[in-house]
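Have a look at the structure below, then the notes.
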Amino acid sequence: MPRRQLVLGMLFLMVLIMYLDRLAIGVAAPRIQAELGLTPKQWGWVAGAFTLAYALFEAPGGAMGDRIGQRMVLTRIVVWWSGFTALTAAVTGLGQLLAVRFLFGAGEAGAFPNSTGVVARWFEPSERARASSAFWIATSVGGVLAPLLVVPMMRAHGWRAPFVVFAIAGVLWAVAWHNWYRDPVNSVERTAAPWGRMVGDANFRWVLIMYHCYCWGATFYLTWIYTYLQTGRGMTETEMGFASALPFVAGIGGILAGGFLSDALSRRFGLRIGRCAVGAPSLILAGLAMVAATLTRDNDWAVGMLAAGMGVMNMMLPVAWAVCADVGGEHTGAVSGAMNTAGQLGSFLSAVAFGYLVEGLGSYDRALLPLAGMLIAAGAAFAMIDPRRQLIRAS
C-alpha cells in the first residue's frame with residue numbers, strides 16, 4: 001500500500017478514536033445527569049467547557065504543527081486527551097466534570113489542523129478534498145459506533161467504563177504514530193504565522209464567519225441529539241441508540257460525495273466553483289432539514305430529517321478543510337486552526353445556549369430553530385469565499 005494511503009489510514013484511526021472519546025459523554029448524558037443531579041442548563045455548561053477549551057487552543061495547536069511538524073504535535077495531542085478521557089470516569093460532581101472536560105478539550109485542540117497540515121504536505125490541491133474525506137468519514141463512523149458501543153458497556157459496567165476503554169485505544173494509537181510516522185523532508189515551516197496580514201484579509205474573515213455559523217448547528221449532533229431524542233422525544237435508551245446513529249450513517253455518504261464532487265468540479269471548472277458550489281448549498285439545505293424535523297411529532301420523520309440534514313451538511317466538511325489548504329499554503333495549520341477556533345466558539349455558544357433555550361421555550365424542537373438559522377447563514381458566508389486566492393504566499 002502506498003505510504004500516502006497509510007498516512008490517511010492512521011489519520012482515520014486517530015479521528016475515529018477522538019470521536020468515540022468525544023461522543024461517549026453525549027451518549028451517557030442522561031445517566032450522568034441523573035447520577036450527578038444536573039439540569040439542562042448545567043449540562044449545557046459541561047458541553048460548553050469542552051468547546052471553549054477546544055476553541056482557545058485550536059489555532060496555537062495548528063501553528064505549532066507548522067513549526068515543529070505533525071509527528072510530535074499529534075503524539076502530544078492524543079496522549080493528552082486520552083488521559084483526560086480516563087479521568088472523566090473518575091468525576092463525582094459538577095465542578096470536577098467541568099474541569100476535566102475543559103482540559104479534555106484543550107487536549108483535542110489542534111488535531112484537525114494538524115491532520116489538514118499532513119494532507120497539505122502529502123497531496124496536490126486537486127486531491128485534497130478527497131484526502132480530507134478520509135479522516136472526516138471517521139467522524140461519522142465514530143458517531144455510528146459511539147451509541148452502539150457505549151450503551152452495551154454502560155448496561156454491563158456503568159457509564160464510566162467506556163471512557164477507560166477509549167482512553168487506552170488513544171494511547172496505543174499515539175505510540176504507533178510516534179514510532180512509524182515521519183514528517184516529509186523540508187516540510188516543516190519555521191516561521192510564525194503572520195496573523196495581522198491574515199486578519200486583514202476579507203477572504204480569511206469569510207472562512208471564520210462560515211465555520212462559526214456552521215458549528216452552531218453541527219454541535220447539536222455532537223452534544224444534544226442523544227438528550228433530544230430521549231428527553232425531548234421520549235425515546236427509550238435502545239431506540240435512541242439506533243436513531244442517533246442514523247444521522248452519522250448519512251454523514252458518511254455526505255463526506256464521500258462532498259470530497260469527490262468538489263475535486264471533480266475543481267478539475268473541470270476551477271477551485272471557486274469546485275469548492276463553493278458544494279459547500280454553500282449543503283449548509284443551506286442542512287438548515288432547512290433541521291427546520292423540517294421540528295414540524296412534526298412523528299419520531300421517524302424527525303429522525304429522517306435530522307439524518308438528511310447531517311448527510312448534506314457533511315458534504316461541506318472536506319471542502320471547508322480543503323479550502324484551508326488552498327488558501328493557507330505554508331501556513332495551512334494556522335489557517336485551519338483559526339477556522340476551527342471560530343467554529344468552536346460557535347460550538348461553545350450553541351452548546352450553552354441550547355440548554356437555556358430548552359428551559360426558556362419549554363421545547364426541544366423550538367430550541368432547534370435558531371441553530372437551523374445559523375446553518376443557513378453559514379451557507380451564505382461560504383458563497384463569499386474565494387479559494388483561488390492564497391492568503392499568504394510562500395516567500
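Annotation for Tyr356: atom OH counts as buried by contact number, over 12 foreign heavy atoms lying within 6.0 Å. Within 6.0 Å of atom CZ in Phe260, 12 or fewer heavy atoms from other residues, nucleotides or ligands are found, so the atom counts as exposed in its surroundings.
Two rings, from Tyr228 and Trp224, have their centers 6.0 Å or more apart.
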Could you list the donor-acceptor pairs under 3.5 angstrom formed by side chains in residues 345-354, with sequence neighbours left out?
| unit_1 | atom_1 | unit_2 | atom_2 | d |
| --- | --- | --- | --- | --- |
| Ser347 | OG | Thr219 | OG1 | 2.7 |
| Ser347 | OG | Gly343 | O | 3.4 |
| Ser347 | OG | Gln344 | OE1 | 3.2 |
| Ser350 | OG | Trp216 | O | 2.8 |

Contacts under 3.5 angstrom, residues 366-381 side chains, donor-acceptor by atom type, not counting sequence neighbours:
| unit_1 | atom_1 | unit_2 | atom_2 | d |
| --- | --- | --- | --- | --- |
| Arg366 | NH2 | Leu361 | O | 2.7 |

Taking distance alone, no hydrogens or angles, what donor-acceptor pairs closer than 3.5 Å link side-chain atoms of residues 305-314 to residues at least two apart or in another chain?
| unit_1 | atom_1 | unit_2 | atom_2 | d |
| --- | --- | --- | --- | --- |
| Asn314 | ND2 | Ser140 | OG | 3.1 |

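Because its NZ or CZ atom is both nearer than 6.0 Å to the ring centre of Trp180 and within 45° of the ring axis, Arg3 counts as a cation-pi partner of that residue.
Nearest heavy atom pair, residue Pro387 against residue Arg275, reads CG-CG, 3.7 Å.
For the residue pair Thr238 and Arg155, a side-chain donor N or O sits within less than 3.5 Å of a side-chain acceptor on the partner.
Residues Leu97 and Ile25 are in side-chain contact: their nearest non-hydrogen atoms beyond the backbone lie under 4.5 Å apart. Taking 4.5 Å as the limit, every side-chain heavy atom of Trp80 sits out of range of all side-chain heavy atoms of Ile77. You'll find the side chain of Val303 reaches within 4.5 Å of the side chain of Met235, heavy atoms only. By the 4.5 Å heavy-atom criterion applied to side chains, Arg160 and Val164 are not counted as neighbours. Residues Arg233 and Arg297 are in side-chain contact: their nearest non-hydrogen atoms beyond the backbone lie under 4.5 Å apart. Counting only heavy atoms from C-beta outward, the side chains of Phe382 and Met316 approach each other to under 4.5 Å. Here the side chains of Trp136 and Val319 are not in contact, with every heavy-atom distance at 4.5 Å or above. At least one side-chain heavy atom of Phe166 sits under 4.5 Å from a side-chain heavy atom of Val150.
Using cut-offs of 30° and 60° for the angle between ring planes, the Tyr211 and Trp321 rings count as perpendicular. By the 30° and 60° cut-offs, the orientation of the rings of Phe163 relative to Trp159 is perpendicular.
In the hydrophobic clustering of this structure, Val73 does not group with Val79; members are Ile, Leu, Val, Met, Phe, Trp, Tyr whose side-chain heavy atoms approach within less than 4.5 Å, directly or through other members. A chain of hydrophobic side-chain contacts below 4.5 Å, direct or via other Ile, Leu, Val, Met, Phe, Trp or Tyr residues, connects Leu6 to Ile17.
Side-chain N or O atoms of Arg4 include none that pairs as donor or acceptor with a backbone N or O of Phe123 at under 3.5 Å. In this structure, the side chain of Gln70 does not engage the main chain of Gly117 through any donor-acceptor pair within 3.5 Å. In this structure a side-chain-to-backbone donor-acceptor pair under 3.5 Å is present from Gln96 to Thr92.
With rounding to the nearest 0.5 angstrom, the CD1 atom of Ile68 is 8.5 Å from the CZ atom of Arg76. Between Met72 atom CE and Trp177 atom CH2 the span is 12.5 Å, to the nearest 0.5 Å. To the nearest 0.5 angstrom, Phe242 atom CZ is 12.0 Å from Glu237 atom CD. Note that CG of Leu145 is 14.0 Å distant from OH of Tyr19, once rounded to the nearest 0.5 Å.
Between Asp263 and Arg268 there is no salt bridge, since no side-chain N of the basic residue sits under 4.0 Å from a carboxylate O of the acidic one. Arg121 and Asp183 are not joined by a salt bridge, as no carboxylate oxygen comes within less than 4.0 angstrom of a charged side-chain nitrogen.
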Given side-chain contact (heavy atoms from CB on, under 4.5 Å), test Leu98 with Trp45 step by step and report yes or no. CA-CA 8 Å; Leu98 288 171; Trp45 283 103; 4.2 Å; yes
